Structures are given as structure tokens and as C-alpha cells.
Amino acid sequence: TALVVFDAYMDPENNSSDASVAVAPKHLNVPVVTDLAGEKAEAGVKLTWSEPNLEGGAVETVTESFEEFTEFSADGFNVASYEENGWIFIDEDNAKIGGFQGMDLPNLTAGATTGSFFTFDQSAGNETFAAHSGEKYLAALFRYDDGQTSDWAISPALSGNAQTIELYARSYSSSYPEKIEFLYSTGGTSVDDFQLISTVESVPGDWTLYSIDVPAGAARFAIHSCAQ
């Protein structure tokens, strides 16, 4: 809730908000100030603090398995974008997506539903849908009209340090290979804010490890599905 504390205000009845809102703080694995102090000064208040300790590295390695994401979330379909656990998913092409013959997926109707990346649970299919590890992974489907896809998965905020990001990717079938781009931005989360790092023109049909070097100053990392 929001509360205004001002003794000179004559109408205290409307000093607080009516509704309460739940927020989830986002924690970044970067060094922080631990000794902030303040004291009165002629011009107001003087704040002092020490430089954060960078010994032992500025960040720790983070592994995202997507196991805590909601599989086939209704929030991820028929919308231009949605967020979950700090990730941003953008459906730039806004095109109807395809599916799999003889297989129904929750919240998805081939030729009618639009969508970008979503969380797939391997239990929805047979062994050909097996995850590289765990039960879940991000998936993006082809366009129902066979046009070029443009779907984005944008990471939570990075540390800003030069770093290497490793991930596994595969096409469902090597006969219909996917194309993906790896990009970064220095601040924004619009697709126009991202700069290309590398392109995989033909993603194999087996889980394949990709290692992407992200430069210093990068604030976000993105995966762009852009096959045709």
C-alpha cells in the first residue's frame, strides 16, 4: 500500500491507498552496498558508503531449467507479449501457430491460436518431445501459414559483465530445421533494442549445446526464433 505522512496536511482520511498490491522483488546476483550511513549536513543530509567488494567475482553462475514455469500457460497465448519469472516473451509476427497431428496441447488450437515461446512439458507428448534435462523447456512453434516466424525470449537483467551463456536447442525434426538468432541489448526490452551476436541457420534435430559470448555492458540476452 501507499501512505502519505505529512503532519501539516489537513485531510488525513485519504492519505493511504485503498487497495493493496503484492510485488515480487527481483534480486540480481551483483555486489551491493552494505554500510550506507547518513548524517545531517548544512545542505540537508550527507550519505556515505563504501565501494562494493568485487573479490571472488561480481556474479555467480545461474542455471535456468524452466522447471518452475507454468507449462502451456494460458497467459502466453493470443497476446503480443507476456512475462514470467523475469523472462519476457514477445510474439512479433502475431501469426497463427501450428501444432502436431493427432496431438492436443493445452490452450493451443492449431490455425487459431497466436503465441511466442511458451513452456512445454514433455509429459504432453511421446519420447520425441523429451527435454534435455528435467521435464520442461521453452518451445516455439511454426506458423500455420508457413510464413517466417518472429518470436522472442528475452532474459531477466544481466550483471553487465562480459560473460558466456550456454544453452541447449534442437529442432523437432531435422527435416524441418529451425533458425535462431542470439542477441543482446544494453538496456531496453523492445526487439529494436537488440544487437545480433550470432545466427544458427539450421538447428539440428538433436539437443545441441550453444555457447554465446555476451559483451560487457549487456543488460539482456535474447533468443529469436526466425525460421521459414
Side-chain angles (χ1 to χ4, degrees), residues 64 66 69 71-84 87-122 124-132 136-155 165-185 188-214 218 220-228:
E64 178 56 79
F66 301 101
F69 283 57
E71 64 271 20
F72 309 106
S73 173
D75 293 338
F77 297 111
N78 298 314
V79 294
S81 66
Y82 77 105
E83 296 186 34
E84 185 172 4
W87 284 76
I88 302 172
F89 305 99
I90 298 177
D91 179 18
E92 186 179 24
D93 58 47
N94 191 35
K96 305 295 189 301
I97 54 180
F100 300 93
Q101 187 173 5
M103 178 179 175
D104 294 327
L105 296 176
N107 299 314
L108 192 162
T109 302
T113 304
T114 63
S116 178
F117 282 88
F118 61 94
T119 303
F120 196 102
D121 190 310
Q122 65 178 16
N126 55 33
E127 65 277 3
T128 65
F129 293 91
H132 178 265
K136 301 179 183 180
Y137 50 87
L138 290 184
L141 292 173
F142 65 98
R143 283 176 51 159
Y144 193 77
D145 62 5
D146 290 329
Q148 183 172 4
T149 62
S150 187
D151 297 317
W152 294 75
I154 300 173
S155 76
I165 295 176
E166 293 184 339
L167 59 87
Y168 284 88
R170 61 163 289 193
S171 298
Y172 176 72
S173 170
S174 58
S175 299
Y176 303 97
E178 301 294 336
K179 176 183 178 181
I180 53 177
E181 295 177 337
F182 302 123
L183 309 95
Y184 76 96
S185 92
T189 57
S190 167
V191 297
D192 294 331
D193 294 324
F194 284 84
Q195 304 176 54
L196 181 66
I197 301 174
S198 61
T199 302
V200 182
E201 294 287 348
S202 182
V203 181
D206 297 316
W207 287 109
T208 303
L209 176 64
Y210 293 96
S211 182
I212 305 100
D213 292 325
V214 179
R220 299 267 184 168
F221 171 76
I223 305 167
H224 180 211
S225 174
C226 50
Q228 184 170 16

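A quick note: this is a predicted structure, and the numbers were derived from the prediction, not measured.
- Considering only heavy atoms from C-beta on, Trp152 comes within 4.5 Å of Leu183 through its side chain.
- To the nearest 0.5 angstrom, Phe66 atom CZ is 14.0 Å from Asp121 atom CG.
- For Phe142 and Tyr176, the distance between ring centers is not under 6.0 angstrom.
- Atom CZ of residue Arg220 and atom CG of residue Asp193 lie 10.5 Å apart, to the nearest 0.5 angstrom.
- Put simply, CG on Leu141 and CZ on Phe117 are 10.0 Å apart, with the number rounded to the nearest 0.5 Å.
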Quick one: do Ile90 and Ile88 satisfy side chain to side chain contact (heavy atoms under 4.5 Å, CB included)? Show the steps, please.
CA-CA 7 Å; Ile90 298 177; Ile88 302 172; 4.0 Å; yes

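- Listed here is the closest heavy atom pair of Ile165 and Val214: CD1-CG2, 3.7 Å.
- The two atoms that bring Leu138 and Ala153 nearest to each other are CD1-CB, 4.1 Å, heavy atoms only.
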Stepwise side chain to side chain contact (heavy atoms under 4.5 Å, CB included) test for Arg143 and Lys96
CA-CA 6 Å; Arg143 283 176 51 159; Lys96 305 295 189 301; over 6 Å; no

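- Note that CG of Asp93 and OG1 of Thr149 are 6.5 Å apart. Values are rounded to the nearest 0.5 Å.
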Begin with the C-alpha distance, continue with both residues' side-chain angles, and end with the deciding distance and a verdict on side chain to side chain contact (heavy atoms under 4.5 Å, CB included) for Phe129 and Phe120.
CA-CA 9 Å; Phe129 293 91; Phe120 196 102; 3.5 Å; yes

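- Shown here for Met103 and Ala124, the closest heavy-atom pair between the two residues is CE-O, 3.2 Å.
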Under the criterion side chain to side chain contact (heavy atoms under 4.5 Å, CB included), I'd like the reasoning laid out for Asn78 against Thr113: C-alpha separation, chi angles, the key distance, then a yes or no.
CA-CA 6 Å; Asn78 298 314; Thr113 304; 3.8 Å; yes

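- No option in Trp87, Tyr184, Phe194 other than Phe194 meets the side-chain contact (heavy atoms from CB on, under 4.5 Å) test with Ile154.
- For Ser150 and Glu92, the side-chain atoms include at least one donor-acceptor pair closer than 3.5 Å.
- In plain terms, the two heavy atoms of Ala140 and Asp151 that are nearest each other are CB-OD2, 4.4 Å.
- Closest of all the heavy-atom pairs between Pro177 and Ser202 is CB-OG, 3.2 Å.
- Aromatic rings from Phe118 and Phe77 are positioned such that their centres are separated by under 6.0 Å.
- Under the 30°/60° scheme for interplanar angles, the aromatic rings of His132 and Tyr168 are found to lie parallel.
- Other residues, nucleotides and ligands place more than 12 heavy atoms under 6.0 Å from the CG atom of Asn126.
- Between Thr128 and Tyr172, the side chains place a donor N or O and an acceptor N or O closer than 3.5 Å (distance only, hydrogens not considered).
- Arg170 CZ to Trp207 CH2: the interatomic distance, rounded to the nearest 0.5 Å, is 6.5 Å.
- The environment of OH in Tyr144 is sparse: at most 12 heavy-atom neighbours from other residues, nucleotides or ligands sit within 6.0 Å.
- Closest approach of Ser225 and Ile180 over heavy atoms only: CA-CG2, 4.2 Å.
- Within the 4.5 Å cutoff, the side chain of Glu71 has heavy atoms near those of the Lys136 side chain.
- Ring geometry for Phe89 against Phe69 counts as perpendicular: the plane angle is over 60°, on a 0 to 90° scale with 30° as the lower cut.
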